[in-house]
Novice: 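Could you have a look at this structure, given as structure tokens, before my questions?
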Amino acid sequence: MRVGVLTGGGDCPGLNAVLRAVTRKGISVHQHEILGFRSGWLGPVEGLTAPLTLDRVEDILSRGGTILGSSRTNPYKVDDGITRLKATLAEHRVDALIAIGGEDTLGVAEQLTHDGVPVVGVPKTIDNDLDATDYTFGFDTAVHIATEAIDRLRTTAESHHRALVVEVMGRHAGWIALHSGLAGGANVILVPEQPFSVERVCEWVEQRFERQYAPIIVVAEGAVPEGGKELLVTGERDAFGHVRLGGVGTWLADEIAKRTGKESRAVVLGHVQRGGTPTAYDRVLATRFGLHAIDAITEGDFGKMVALRGTDIVRVPLSEATAQLKTVPLERYAEAEVLFG
């Protein structure tokens with residue numbers, strides 16, 4: 001078989017580990033040819049290819065990002081996108097595709113299965129918000145990066161007796177905020193799943209100052225105040241209908257300063273959470289996903305996504321994985337709330 005593989009959506013640590021596993025097992029065990037498509041779904045639409053060989057993937061396990069590149073292209077939003085995609089697959093004699101990505105990339109993969117394209121999905125997102133899998137690779141690395149940042153910011157906050165608001169990624173799901181906030185000992189954690197009271201946040205901030213400590217507030221970019229709405233960097237939408245969120249950290253820091261009279265600063269971690277070397281956990285999980293994905297292709301088990309259930313890698317329908325987002329349960333948030341202030 002000739003197997004195509006692409007990485008779509010936002011980059012994240014561990015993508016190269018999947019490509020390495022798919023290529024090594026695909027070639028050495030199953031005797032497949034592996035053809036990479038560059039720049040996400042733009043690759044098969046435009047015919048942008050990059051053959052993957054054993055030499056090409058030899059030293060990529062520890063590298064962040066993706067050697068194939070990525071994009072937020074939606075072939076269903078491109079003129080004749082699906083026709084061109086199918087023509088590319090036919091031209092390059094590609095028998096099946098492995099799509100590595102999050103809700104948008106795998107949503108396209110799920111649609112393509114209904115349009116006759118054999119696809120297997122691999123779940124990737126730092127937000128950990130894909131349903132049907134316990135964890136996605138990239139999440140652990142993002143949490144480690146955010147936790148280290150919180151640890152570093154705490155010392156400067158204490159030195160200047162400031163409140164520091166740390167804005168982390170998380171459009172609709174607050175998993176990064178919850179885990180990094182707990183690991184970093186944040187005094188307040190704010191997530192998209194639970195609208196927050198600015199007044200209550202200020203009370204927690206003042207409680208912390210009364211004990212002669214500087215407060216750390218971790219807020220997901222998609223968190224909203226009670227009666228408010230998401231803050232946008234721009235109102236423009238990408239090919240999947242998403243706007244760019246951002247600014248809640250700066251807004252909240254200003255509100256804290258105005259209401260408490262305490263000096264406050266905001267730090268936006270942004271894309272630093274996506275970059276750099278993946279953790280050992282993410283390397284192992286991504287490798288296992290890749291090994292099982294190429295097995296699913298070989299067995300002709302298309303329309304599936306490999307997923308982590310407990311410690312096992314299983315296969316679930318793409319439709320199940322993309323039906324809804326996996327958000328933070330309110331009872332999990334309530335566990336952390338005990339530690340606020």
Novice: With R56, which residues qualify under salt bridge (charged side-chain N to carboxylate O under 4.0 Å, His left out), at least two apart?
Specialist: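 Partners of R56 by the salt bridge (charged side-chain N to carboxylate O under 4.0 Å, His left out) criterion come out as none, since no residue qualifies.
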Novice: If two hydrophobic side chains count as joined below 4.5 Å and joins carry through other members, does Y213 share a cluster with I217?
Specialist: no
Novice: For the CG atom of L269 and the CD atom of E167, what is their distance to the nearest 0.5 Å?
Specialist: 8.5 Å
Novice: Kindly give the heavy-atom pair with the smallest separation between A307 and A132, and that separation in Å.
Specialist: CB-O, 3.3 Å
Novice: Who are the ring pair (Phe, Tyr, Trp, His ring centres under 6.0 Å) partners of F302, not counting sequence neighbours?
Specialist: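 By the ring pair (Phe, Tyr, Trp, His ring centres under 6.0 Å) rule, F302 matches no residue at all.
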Novice: Supply the atom-to-atom distance L308 CG to I313 CD1, rounded to the nearest 0.5 angstrom.
Specialist: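 Reported to 0.5 Å precision, the distance equals 5.0 Å.
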Novice: Which distance, rounded to the nearest 0.5 Å, do you find between the CD of E103 and the CG of L325?
Specialist: 4.5 Å
Novice: Measure the shortest side-chain to side-chain distance between V224 and P192 over non-hydrogen atoms and say whether it is less than 4.5 angstrom.
Specialist: no
Novice: H114: what forms a side-chain contact (heavy atoms from CB on, under 4.5 Å) with it, not counting sequence neighbours?
Specialist: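 With neighbours one apart ignored, the set is E110.
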Novice: Testing the basics here: between V122 and A293, what is the closest heavy-atom pair and its distance to 0.1 Å?
Specialist: CG2-CB, 3.7 Å
Novice: side-chain contact (heavy atoms from CB on, under 4.5 Å) between K124 and T105: does it pass, once the steps are laid out?
Specialist: CA-CA 9 Å; K124 168 246 45 162; T105 301; 5.5 Å; no
Novice: Output every pair passing salt bridge (charged side-chain N to carboxylate O under 4.0 Å, His left out) with a member in residues 206-218, not counting sequence neighbours, ordered by first then second residue.
Specialist: none
Novice: Between T287 and A17, what is the shortest heavy-atom contact and its length?
Specialist: OG1-CB, 3.9 Å
Novice: Answer whether the closest heavy-atom distance between the side chains of P123 and F289 falls below 4.5 Å.
Specialist: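 Yes, their side chains come closer than 4.5 Å.
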Novice: Show, in sequence, the C-alpha distance, side-chain angles and deciding distance for F196 and L252, and conclude whether the side-chain contact (heavy atoms from CB on, under 4.5 Å) test is met.
Specialist: CA-CA 11 Å; F196 63 89; L252 182 58; 4.0 Å; yes
Novice: Please name all residues satisfying salt bridge (charged side-chain N to carboxylate O under 4.0 Å, His left out) with E33, sequence neighbours left out, ordered by chain then number.
Specialist: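 E33 satisfies salt bridge (charged side-chain N to carboxylate O under 4.0 Å, His left out) with R2 once adjacent residues are dropped.
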Novice: What pairs with E263 under side-chain contact (heavy atoms from CB on, under 4.5 Å), at least two apart in sequence or on another chain?
Specialist: R162, R265
Novice: Side-chain contact, heavy-atom cut-off 4.5 Å: I67 with L52?
Specialist: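 Touching, per the 4.5 Å side-chain cut-off.
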Novice: Is there a side-chain contact between V165 and V219 in this structure, where contact means two heavy atoms from C-beta onward sitting under 4.5 Å apart?
Specialist: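 Counting from C-beta outward, V165 and V219 do come under 4.5 Å.
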Novice: Can a salt bridge be assigned to the pair R315 and E299 using a cut-off of 4.0 Å between side-chain N and carboxylate O?
Specialist: yes
Novice: If the condition is salt bridge (charged side-chain N to carboxylate O under 4.0 Å, His left out), which residues does E148 pass it with, not counting sequence neighbours?
Specialist: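 Checked E148 against salt bridge (charged side-chain N to carboxylate O under 4.0 Å, His left out); matches are R152.
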Novice: According to a hydrophobic-cluster definition based on side-chain heavy atoms being under 4.5 Å apart (Ile, Leu, Val, Met, Phe, Trp, Tyr only), do V198 and L164 belong together?
Specialist: yes
Novice: Is the backbone N or O of K326 less than 3.5 Å from a side-chain atom of D131, with the two atoms forming a donor-acceptor pair by type?
Specialist: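 Side chain of D131 to backbone of K326, a donor-acceptor pair under 3.5 Å: no, none is there.
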Novice: Of all the heavy-atom pairs spanning R283 and S62, show the shortest one and how long it is.
Specialist: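 The pair with the smallest heavy-atom distance is NH1-CB, 3.5 Å.
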Novice: If you group Ile, Leu, Val, Met, Phe, Trp and Tyr by side-chain heavy-atom gaps below 4.5 Å, do V316 and L106 land in one group?
Specialist: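 Yes, same cluster.
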Novice: Using the salt bridge (charged side-chain N to carboxylate O under 4.0 Å, His left out) criterion, which residues pair with R200? Sequence neighbours excluded.
Specialist: E203
Novice: Is there a path of hydrophobic side-chain contacts, each under 4.5 Å between heavy atoms, that joins I150 and V201?
Specialist: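 In one cluster: yes.
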Novice: Looking only at heavy atoms, what is the nearest atom pair of F139 and I126, with distance?
Specialist: CD1-O, 3.1 Å
Novice: Any chance you could lay out the side-chain contact (heavy atoms from CB on, under 4.5 Å) test for S28 and L54, step after step, and finish with the verdict?
Specialist: CA-CA 9 Å; S28 300; L54 295 179; 4.0 Å; yes
Novice: Per the salt bridge (charged side-chain N to carboxylate O under 4.0 Å, His left out) rule, what does the pair list look like for residues 61-71, sequence neighbours excluded?
Specialist: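 Sorted pair list comes back empty.
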Novice: List the steps and the verdict of side-chain contact (heavy atoms from CB on, under 4.5 Å) for E46 and R84.
Specialist: CA-CA 7 Å; E46 299 287 350; R84 293 160 63 186; 2.8 Å; yes
Novice: Do N128 and I176 have side chains that approach each other closer than 4.5 Å (heavy atoms only, starting at C-beta)?
Specialist: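 When only atoms from C-beta onward are counted, I176 and N128 do not touch, as no gap falls below 4.5 Å.
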Novice: A side-chain contact here means heavy atoms from C-beta on lying under 4.5 Å apart; do L48 and T88 qualify?
Specialist: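 No, every pair of side-chain atoms sits at 4.5 Å or beyond.
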Novice: Do F137 and V143 share a hydrophobic cluster (ILVMFWY, side-chain heavy atoms under 4.5 Å, transitive)?
Specialist: yes
Novice: Tell me whether the count of non-hydrogen atoms from other residues, nucleotides or ligands lying under 6.0 Å of OH in Y135 goes above 12.
Specialist: no
Novice: Rounded to the nearest 0.5 Å, what's the gap from OG1 on T133 to CD on E320? Could you check?
Specialist: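 If we round to the nearest 0.5 Å, T133:OG1 and E320:CD are 10.5 Å apart.
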Novice: What residues form a side-chain contact (heavy atoms from CB on, under 4.5 Å) with D11, not counting sequence neighbours?
Specialist: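 L15, R274.
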Novice: Show me the donor-acceptor pairs, under 3.5 Å and distance only, between side chains in residues 327-341 and residues at least two apart or in other chains.
Specialist:
unit_1 : atom_1 : unit_2 : atom_2 : d
R332   : NH2    : H179   : NE2    : 3.4
Y333   : OH     : I189   : O      : 2.5

Novice: Atom OG1 of T7 and atom CH2 of W41: how far apart are they, to the nearest 0.5 Å?
Specialist: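 CH2 of W41 is found 11.0 Å from OG1 of T7.
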Novice: State, to 0.1 Å, how close L68 and A50 come at their nearest heavy-atom pair, and which atoms those are.
Specialist: CD2-CB, 4.1 Å
Novice: Could you tell me which residues satisfy side-chain contact (heavy atoms from CB on, under 4.5 Å) with H32, sequence neighbours excluded, listed by chain and number?
Specialist: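 H32 satisfies side-chain contact (heavy atoms from CB on, under 4.5 Å) with M1, V3, H30, I34, I294, T298 once adjacent residues are dropped.
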Novice: Any heavy-atom pair between the side chains of I82 and V117 that's under 4.5 Å?
Specialist: no
Novice: Roughly how far apart are H144 NE2 and D140 CG, rounded to 0.5 Å?
Specialist: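 Those atoms lie 4.0 Å apart.
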